[in-house]
Protein chains: 2
Amino acid sequence: MTHTMNEVAKLAKVSSATVSRVLSKSPYISAKTVERVMAAVEKLSYRRNVHARRLAIGKSDLFGLVISEITNPFFSEIIRGFQAAAWDRGFDVLLLNTEYDEKRTEAVVQKLIENSVRGVAIVTSSLEDSVIATLTDKNIGVVTFNPVPVDRLVSTVTIDYKRGLTQAIEHVASLGHRRAAVIAGPQTNRTASIIKQALVEGLRQRGLDPDPVTHSDYHVDAGATAVQAILSAKDAPTVIFCGSDLIAMGAILALEEAGMNVPSDVSIVGIDDIPFSFLIRPALTTIRVPREELGKISFAALDKLLKLKRQRGAEYVVETELVIRKSAAQERKFALRQKAPRPAR
Amino acid sequence: MTHTMNEVAKLAKVSSATVSRVLSKSPYISAKTVERVMAAVEKLSYRRNVHARRLAIGKSDLFGLVISEITNPFFSEIIRGFQAAAWDRGFDVLLLNTEYDEKRTEAVVQKLIENSVRGVAIVTSSLEDSVIATLTDKNIGVVTFNPVPVDRLVSTVTIDYKRGLTQAIEHVASLGHRRAAVIAGPQTNRTASIIKQALVEGLRQRGLDPDPVTHSDYHVDAGATAVQAILSAKDAPTVIFCGSDLIAMGAILALEEAGMNVPSDVSIVGIDDIPFSFLIRPALTTIRVPREELGKISFAALDKLLKLKRQRGAEYVVETELVIRKSAAQERKFALRQKAPRPAR
DNA sequence: CTGAAAGCGCTTACAG
DNA sequence: CTGAAAGCGCTTACAG
């Protein structure tokens, strides 16, 4: 049924050490031996026992990917990119989610160590920076989206929101908007506050001092609640920048319910371009974050980090980009000319 | 840094065998010994080496979850339910996706075996039934959504679409629809053809013989293409049942682009109630598949299967349910009363 | 280029 | 209730 290396060795008339060497593609093995061993391997459909192997060499063929919640559509394409890249190089992915739960987060770090992952990409800021050292001490490479200093075994991937934001601000300004507001992500979230800062700064420079600047969870209903507060102000804004597409969706829904017309009364700008965001009506203008690419780059960064152990990590930057979706009316006209369905993503 | 069981044993002044027994909660250990050992474990922050453990006992603390594609929103809540349930019982999840690629699918099965998962839930029909035996031969429990006979180590989870479909058919019939059409999922997909059959049968029984009955991939653009063919017929249907929400979305988009009004010209019914489907405008009526529950049940089924090894598996059935979303017009009225008017378009 | 042997860190009959 | 020892299936200096 399940064969061992010894059985292969016997069949090939060599020692198990030789079989091991052949399978690990060590040099200095005669072509003849390789051939005999591989024939035996083939014949028995032999596969090495990974547990024994991991025990012997002290590491696994696993890479960790830590996210906060699997149901957040923001992550799915990152996972896909990371997994595909890992797969290409023959590695498996241990997917761990913190669910924003502290206890669970601790356990996640333990799992990573226990499973002797070679490296881990941390795609959530719900993991404290302090765990990075815990991991690198165990010789585990780390790639994080948090803005920490690069170090031995630590690289960072940064999403440059500025470019997309600047494009977006320029766009709304050129449309004549004069009063802007901001609904940023959660106050405690680092990425959220980076985006917020960039937004506020950018708007000010363009003479669009945003008011108010509020916060919201990354959930649709929170976005809805947040927008209601904004509407009650006397000098209501004509454009609202939202910290994520989910917040933007909530805002759109709440505006609809309040009898406002989007975008003619109030324009909404989101961030992320999450899957299916193109289906939202009224059309959602948003800033695209290239997620599959983020996943791929994260793995590539880890791979490089582990290959060049002597050096320290690097900083990778991924750019964002404004996506202008047509208003319903424009779209209808557009569609008539195109008479073609839109792509899935 | 990383301690071994021997070090713990030394500190507790017992043998490593005893430490092992304490950690495995074997009975027949004196309370005193347990205390001493646990104190030593605590002091050293000791954790067992999982690789050594897996090698020694021949199995892992992993369960496999096989899906077809991570970016399909249909799966994310299943993953979540499964992972949460596994986590509760102290197990980890190895998430594997076939990406509909044959080679990759083979590799997935290998991975499951190599990692000595205790059980696996197969939530995709892109895995042949024949692999089930391959897995059970290795003593790996299998839960599948495919309609195979239950067996030793094999349980099935079935989604009962009939209930939701019957409700949906009754609903559209009561609204006065007389001409129905069907855009089923891919012809080669087993689930798709089960749904198709149930639909066609149910419609006929209600005197709504569907015409045409076509097929489409589970993608938005495919749905759009499919609906165009239907529209070109002379006796165009007034209601179209779609094999998934994604297909339904594509249909809605294509109808919009063709200048049709949904639902006053044509009604659309989807299946799944995927995340954020409530955001679609015009509102999408759909049949809800309780996905997180599916994930939880799948794990529970595996857990039970492995506990009662002597017996054979069981068949679990999960019911679906019609979700009626308000049409734009209805919504308008509804909203007016609520002092929150504003239809989507 | 290849083999004998020690070692990776656990678990578990066996014996007491 | 507890320990000595064999065994799980690999890898890798060491020696040749």
Side-chain angles (χ1 to χ4, degrees), chain A residues 1-41 44-62 90 110 113-118 138-139, chain B residues 1-41 44-62 90 110 113-118 138-139:
Chain A
M1 187 80 282
T2 303
H3 300 282
T4 69
M5 203 170 254
N6 249 312
E7 303 179 61
V8 176
K10 233 168 256 171
L11 188 59
K13 299 196 192 308
V14 295
S15 73
S16 64
T18 298
V19 176
S20 176
R21 291 197 186 97
V22 170
L23 258 23
S24 297
K25 301 196 199 311
S26 110
Y28 313 126
I29 308 277
S30 80
K32 249 194 179 147
T33 305
V34 170
E35 202 173 303
R36 276 223 312 288
V37 168
M38 290 315 287
V41 164
L44 300 179
S45 303
Y46 171 73
R47 314 215 90 220
R48 283 186 290 195
N49 177 310
V50 290
H51 306 311
R53 180 175 161 73
R54 289 172 187 171
L55 175 59
I57 67 180
K59 53 185 171 178
S60 75
D61 39 7
L62 293 171
Q110 275 308 331
I113 296 171
E114 267 180 15
N115 284 282
S116 329
V117 298
R118 301 202 174 188
K138 308 265 179 188
N139 221 26
Chain B
M1 189 77 284
T2 302
H3 300 282
T4 69
M5 203 170 255
N6 250 314
E7 302 179 64
V8 176
K10 233 168 253 170
L11 188 59
K13 298 196 195 307
V14 295
S15 73
S16 64
T18 298
V19 174
S20 176
R21 292 199 185 95
V22 169
L23 258 25
S24 298
K25 300 196 201 312
S26 110
Y28 315 125
I29 308 276
S30 79
K32 246 190 179 150
T33 306
V34 171
E35 203 172 304
R36 277 223 311 288
V37 169
M38 290 315 287
V41 165
L44 300 179
S45 305
Y46 171 72
R47 315 214 89 222
R48 284 186 288 196
N49 178 309
V50 292
H51 306 311
R53 182 176 162 71
R54 289 172 187 170
L55 175 59
I57 67 181
K59 53 185 171 179
S60 76
D61 39 8
L62 293 172
Q110 274 309 329
I113 295 172
E114 267 181 15
N115 284 282
S116 330
V117 298
R118 301 201 174 190
K138 308 263 180 190
N139 221 25

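Residue numbers begin at 1 in each chain, while the letters A, B, ... track the order of the sequences. Both backbone and side-chain heavy atoms feed into the values below; hydrogens, waters and symmetry mates do not. Just so it is clear, the structure is predicted and the values come from calculations on it, not from any experiment.
Between A:R118 and A:D61 no salt bridge is recorded (no basic side-chain N to carboxylate O distance below 4.0 Å).
When heavy atoms are screened at a 4.0 angstrom cut-off, A:I57 is found touching the sugar-phosphate backbone but no base atom. The residue B:L55 sits close to a base: some heavy atom pair falls under 4.0 Å.
Comparing the C1' positions of D:dG16 and D:dT12 gives a spacing of 16 Å, expressed to the nearest Å.
Heavy atoms of other residues, nucleotides or ligands lying less than 6.0 angstrom from CD of A:E35 number 12 at most.
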Bracket notation of DNA chain D in which parentheses pair within the strand, [ ] cross earlier pairs, and | pairs with another strand (Watson-Crick or G-U, under 3.5 Å): |||.||||||||.|||
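In this structure, A:Y28 atom OH and D:dT11 atom P are separated by 19 Å, rounded to whole Å. Following rounding to the nearest Å, A:M5 (CE) and D:dG9 (C1') show an atom-to-atom distance of 8 Å. Taking atom NZ of residue A:K59 and atom P of nucleotide C:dG9, one finds them 15 Å apart after rounding to whole Å. Between A:N49 atom CG and C:dC8 atom P the separation is 18 Å, expressed in whole Å. Here C:dA4 presents its P atom at 10 Å from CG of A:N6, a figure rounded to the nearest Å. Following rounding to the nearest Å, B:R47 (CZ) and C:dG9 (C1') show an atom-to-atom distance of 16 Å.
Between the side chain of B:S60 and the backbone N or O of B:N115 there is at least one donor-acceptor pair closer than 3.5 Å.
Residues of residues 13-22 of chain A having a heavy atom closer than 4.0 Å to DNA chain C, listed by number: A:V14, A:S15, A:A17, A:T18, A:R21.
For A:Y46, no side-chain nitrogen or oxygen approaches OP1 or OP2 of D:dG9 to under 4.0 Å.
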